[in-house]
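Quick notes on the structure that follows.
A note on names: the letters A, B, ... follow the listed sequences, proteins ahead of strands, and every chain is numbered from 1.
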Amino acid sequence: MLRLSQLYTRTRKEVSEADPSRNAQLLTKAGFVSRLMAGAYTFQPLGLRVLHKIEQIIREEMDAVGANEVLMPALQPRDVWDATGRWDNVDVLFKLKGAGDRDLCLGPTHEEVVTPLVTQYIHSYRDLPQAVYQIQTKFRNEARAKSGLLRGREFRMKDMYSFHATLSDLDVFYERATTAYHRVYERLGIGDRTLLTYASGGMFSKYSHEFQTLTEYGEDTVYRIPGTKAAINKEIIGDQDALAGIIPGYKPGMEKEFEEVRAIEVGNIFKLSTRFSDAIGAKYMDEQGKPQSIFMGCYGIGPSRILGTIVEVLADDKGLIWPEAVAPYRLHVVSLVREAAELAASEPIVKQLQAAGLEVLWDDRVGFSAGEKFKDADLIGCPHRIVISAKTLAAGQVEYKARQDETAEMLTVEALLGRLSA
RNA sequence: CGGAGUGUAGCUCAGCCCGGUAGAGCACUUGCUUCGGGAGCAAGGGGUCGUGGGUUCGAAUCCCGCCACUCCGACCA
């Protein structure tokens with residue numbers, strides 16, 4: 001339970017237009033984040049809770065596919081990047097000088113670290129497959145940071161890497177990871193509008209897959225395959241050979257009928273094949289005792305970007321609206337009081353709700369008008385709200401309203417608990 | 001990497017074109033009133049106007065340099 005009287009952040013009525021994206025405007029107004037510079041934000045108490053909940057859901061689903069969580073250094077030496085040839089080829093790499101003029105960088109991704117790390121323990125086909133992941137702050141020196149949390153130079157990322165003896169084993173795991181990703185978006189409350197999108201595979205494989213969440217505020221354009229929850233990325237919509245390989249029963253030109261939609265990329269998975277294991281010399285012994293290259297896959301998802309995406313997709317003109325699973329608190333309790341002594345009447349109710357296991361944000365502030373408290377509740381966006389006032393206390397009830405509802409209703413605390421546990 | 005802007009009170013901004021003792025709203029302090037959808041009135045505190053130089057009797061305002069920041073576009077394994 002958090003008392004608003006003890007929260008150091010405040011909501012703001014106005015925020016600078018210098019950071020104009022919808023997610024930045026609302027999150028800043030509500031006090032969830034604070035911008036330090038373009039592309040770098042502080043997560044304040046309420047925002048941090050949401051971020052942690054998003055990360056925990058991702059963590060649970062990665063654990064469920066058998067991956068091990070680790071935490072690798074963000075600070076990395078040049079030599080591992082030279083080994084894969086990427087020191088001079090990744091233009092978003094943040095480079096810096098360490099003691100003794102040593103070349104270092106901040107990790108934009110971790111193939112260079114994870115491959116030698118994991119293959120310390122992989123010697124035989126018996127040691128495969130394996131998968132590890134981490135949830136960590138990543139750094140990318142983007143030519144231009146923009147769109148609030150959607151494109152930062154410092155951002156949170158879950159990156160998982162899988163290791164396999166064969167391509168077919170990679171394929172199997174890749175499918176499982178895809179399913180896990182769908183579960184993540186489902187739990188995050190954006191599953192119904194997140195499309196599996198075919199994208200170019202770059203240099204490592206034929207295709208990669210993006211997860212694209214539909215919203216008119218999106219920066220990406222994708223082409224939805226009619227009647228499916230799948231889409232084609234802009235990069236390959238013009239490639240008929242690729243389309244024929246992806247879409248069953250494809251007929252040339254049919255892609256012109258596909259709906260063009262705006263979306264935000266909320267995940268990206270790749271088959272790396274042996275690109276990194278070969279560069280680093282990561283091999284295992286097969287059944288015949290012959291060294292073989294390890295096949296790899298990588299699976300990225302950005303919790304901070306997802307936080308911004310949820311705002312873009314679900315917020316309304318009154319403020320934020322959080323899905324149950326990631327709301328900073330499920331229930332916002334507004335006590336309408338004129339003096340601190342009147343809070344005593346709310347306290348047993350708040351305690352009862354808390355005892356029932358509800359996460360409660362309690363507006364116990366004194367000297368704030370009812371209107372101000374209601375505006376704050378709408379802006380902060382907890383999915384459920386109750387009001388405790390002289391009026392409701394006299395009736396032995398509380399006034400309940402869901403965030404997205406227009407009207408409130410009177411309920412007993414027991415009825416409320418029944419409602420919220422359902 | 002192109003293009004366009006901005007820097008004035010804790011925050012959001014006006015004032016600059018046309019030089020003449022620094023402004024508003026919000027926030028904050030005090031008092032009175034108000035009290036279920038961002039209350040009202042009154043009083044008050046708070047700024048070397050990013051920075052260095054120049055022009056001028058006089059510069060937030062005009063000129064030159066510097067610093068910092070931002071937006072739009074390109075880019076985005």
Side-chain angles (χ1 to χ4, degrees), chain A residues 9-21 24-25 28-31 34-40 81 84-86 89-93 107-112 138 140-148 150-153 155 157 159 161 199-205 207-210 219-221 233-235 264-265 267-273 275-276 279 296-300 302 305 317-319 334-339 342 363 365-380 385-395 398-399 401 406-408 410:
Chain A
T9 61
R10 286 279 195 89
T11 59
R12 290 175 193 275
K13 281 187 196 169
E14 51 189 6
V15 295
S16 173
E17 291 295 327
D19 192 8
S21 70
Q25 289 275 310
T28 306
K29 272 186 189 167
S34 178
R35 180 164 79 163
L36 179 62
M37 61 178 182
W81 286 81
T84 58
R86 293 210 292 183
N89 286 314
V90 174
D91 55 0
V92 296
L93 194 61
T109 178
H110 276 65
E111 284 85 359
E112 278 76 2
K138 288 283 194 288
R140 290 188 185 176
N141 194 7
E142 298 282 354
R144 183 168 167 234
K146 60 186 213 175
S147 303
L150 300 184
R151 189 175 173 197
R153 294 197 171 97
F155 56 95
M157 180 160 154
D159 45 326
Y161 306 87
S200 77
M203 59 182 116
F204 308 137
S205 61
Y207 311 116
S208 69
H209 293 88
E210 295 168 349
E219 297 193 291
D220 277 4
T221 301
N233 182 298
K234 209 174 181 174
E235 298 166 334
I264 298 170
E265 183 189 328
N268 199 184
I269 59 179
F270 299 91
K271 291 174 186 174
L272 299 176
S273 191
R275 161 71 175 85
F276 291 98
M296 292 174 57
C298 79
Y299 316 83
R305 172 181 274 197
D317 56 358
K318 291 189 230 167
V334 174
S335 287
L336 297 183
V337 297
R338 293 184 196 162
E339 295 171 23
E342 295 175 63
D363 192 344
R365 296 174 301 177
V366 177
F368 285 69
S369 70
E372 205 167 354
K373 290 191 172 194
F374 293 149
K375 292 286 186 191
D376 277 353
D378 286 339
L379 182 56
I380 290 168
R385 184 193 84 185
I386 64 168
V387 178
I388 302 173
S389 68
K391 190 172 81 183
T392 69
L393 288 165
V398 296
E399 180 192 282
K401 188 180 91 61
E406 287 300 319
T407 56
M410 295 291 283

Using the side chain to side chain donor-acceptor pair (under 3.5 Å) criterion, which residues pair with A:Glu14? Sequence neighbours excluded. none
On a whole-Å scale, what distance lies between the P atoms belonging to B:rG65 and B:rG10? 30 Å
With A:Ser34, which residues qualify under side chain to side chain contact (heavy atoms under 4.5 Å, CB included), at least two apart? A:Thr42, A:Gln44
For B:rC32, give the paired nucleotide (Watson-Crick: N1-N3 plus N6-O4 or O6-N4; G-U: N1-O2 and O6-N3; both under 3.5 Å), or none. B:rG40
Atom CE of A:Met37 to atom P of B:rU70: distance rounded to whole Å? 8 Å
A:Thr9: partners by side chain to side chain donor-acceptor pair (under 3.5 Å), with sequence neighbours left out: none
Among B:rG37, B:rG36, B:rG38, the one nearest A:Leu379 by side-chain distance: B:rG38
Rounded to the Å, how far apart are A:Asp363 CG and B:rG36 P? 14 Å
What about A:Arg35, does its side chain sit under 3.5 Å from the base of B:rC69 through a donor-acceptor pair? no
Write down the distance between CD (A:Glu265) and P (B:rC75), rounded to a whole number of angstrom. 15 Å
Answer with base, sugar-phosphate or nothing: what part of the nucleic acid does A:Asp378 contact at a heavy-atom distance below 4.0 Å? base
For a quick check of understanding: with a heavy-atom distance under 4.0 Å over all strands, which category does A:Lys373 fall into, base, sugar-phosphate or nothing? nothing
Donor-acceptor pair, distance only, cut-off 3.5 Å: does the side chain of A:Arg140 make one with the backbone of A:Asp91? no
Using atom P in both nucleotides, what's the gap between B:rG25 and B:rC71 to the nearest angstrom? 29 Å
Under 3.5 Å, which protein N or O atoms sit close to an N or O of nucleotides 41-45 of chain B? Give each pair with its distance.
none

How far, in whole Å, is B:rG15 from B:rU29 if one measures between their C1' atoms? 27 Å
Under 3.5 Å for both donor-acceptor distances, Watson-Crick or wobble: does B:rC1 have a partner, and if so which one? B:rG73
Is the distance from OP1 or OP2 of B:rA39 to the nearest side-chain N or O of A:Ser369 less than 4.0 Å? yes
Just checking A:Asp376: base, sugar-phosphate only, or nothing, at a heavy-atom cut-off of under 4.0 Å? base
Between atom CD in A:Glu17 and atom C1' in B:rC11, what is the gap in whole Å? 14 Å
Answer for the Watson-Crick or wobble partner of B:rA27, both distances under 3.5 Å, is none
N/O donor-acceptor pair, side chain A:Arg385 with base B:rG37, under 3.5 angstrom: yes
Which residues share a side chain to side chain donor-acceptor pair (under 3.5 Å) with A:Ser389, sequence neighbours left out: none
Rounded to the nearest Å, what distance is computed from the NZ atom of residue A:Lys138 to the C1' atom of nucleotide B:rC76? 17 Å
B:rC13 to B:rC18 separation - C1' atoms, rounded to the nearest Å: 22 Å
So what does A:Arg151 touch, heavy atoms closer than 4.0 Å: a base, only the sugar-phosphate, or nothing? base
So which nucleotide from B:rC71, B:rG37, B:rC13 ends up closest to the side chain of A:Ala38? B:rC71
Hey, does A:Thr11 reach any base, or is it just sugar-phosphate, or nothing, if we go heavy atoms under 4.0 Å? base
List the residues meeting salt bridge (Lys or Arg N to Asp or Glu O under 4.0 Å) with A:Asp19, not counting sequence neighbours, and say none if there are none. A:Arg35
For the pair A:Glu111 and A:Arg86, find out whether any cationic side-chain nitrogen is under 4.0 Å from an anionic carboxylate oxygen. yes
Looking at A:Glu399 and A:Arg385, does any basic side-chain N land under 4.0 Å from a carboxylate oxygen? yes
B:rG52 pairs with which nucleotide, Watson-Crick or G-U wobble, both distances below 3.5 Å? B:rC64
Under 3.5 Å donor-acceptor, A:Ser16 side chain and A:Ala18 backbone: yes
Measure from CG on A:Leu150 to P on B:rC75 and round the result to the nearest Å. 19 Å
Taking CD from A:Glu142 and P from B:rA77, how many angstroms apart are they, rounded to a whole number? 9 Å
Under the rule for side chain to side chain contact (heavy atoms under 4.5 Å, CB included), what residues qualify as partners of A:Glu265, not counting sequence neighbours? A:Glu210, A:Gln212, A:Asp220, A:Asn268, A:Arg305
In whole angstrom, give me the gap between the P atoms of B:rU30 and B:rG23. 25 Å
Any N/O pairs under 3.5 Å between the protein and nucleotides 24-29 of chain B? List them or say none.
residue, atom, partner, partner atom, Å
B:rG25, N2, A:Glu14, OE2, 2.6

Length of the CG-P vector between A:Asp19 and B:rU70, whole Å: 9 Å
Does a side-chain N or O of A:Arg338 approach OP1 or OP2 of B:rG36 to a distance below 4.0 Å, or not? yes
For A:Val90 and for A:Ala145, find the nucleotide of RNA chain B with the closest heavy atom, then tell me which residue's nucleotide is more 5'. A:Ala145
When all nucleic acid strands are considered with a 4.0 Å heavy-atom cut-off, which category describes A:Ser21: base, sugar-phosphate, or nothing? nothing
Can you name the salt bridge (Lys or Arg N to Asp or Glu O under 4.0 Å) partners of A:Glu372, sequence neighbours left out? none
Rounding to an integer number of angstrom, what distance separates B:rG47 and B:rA24 when you compare their P atoms? 14 Å
Between A:Glu219 and A:Lys146, is the closest basic N to carboxylate O distance under 4.0 Å? yes
A:Lys146 side chain N/O closer than 4.0 Å to the phosphate oxygens (OP1, OP2) of B:rG73? yes
Find every protein N or O atom lying less than 3.5 Å from an N or O atom of nucleotides 1-8 of chain B, and list the pairs.
none

Watson-Crick or G-U wobble mate for B:rC16, both contacts under 3.5 Å: none
Contacts of type salt bridge (Lys or Arg N to Asp or Glu O under 4.0 Å), residue A:Arg153, not counting sequence neighbours: none
Contacts of A:Val92 and A:Ser147 projected onto RNA chain B by closest heavy atom; the upstream (5') one is A:Ser147
From the options B:rU12, B:rA77, B:rG36, select the nucleotide whose nearest atom is closest to the side chain of A:Ser208. B:rA77
Donor-acceptor check, side chain of A:Glu342 to backbone of A:Val337, threshold 3.5 angstrom: yes or no? no
Could I get the full list of side chain to side chain donor-acceptor pair (under 3.5 Å) partners for A:Arg365, not counting sequence neighbours? A:Asp363, A:Asp376
In whole Å, measure the gap between the C1' atoms of B:rC16 and B:rA39 for me. 36 Å
Work out how far the C1' atom of B:rU33 is from that of B:rU51, and round it to whole angstrom. 48 Å
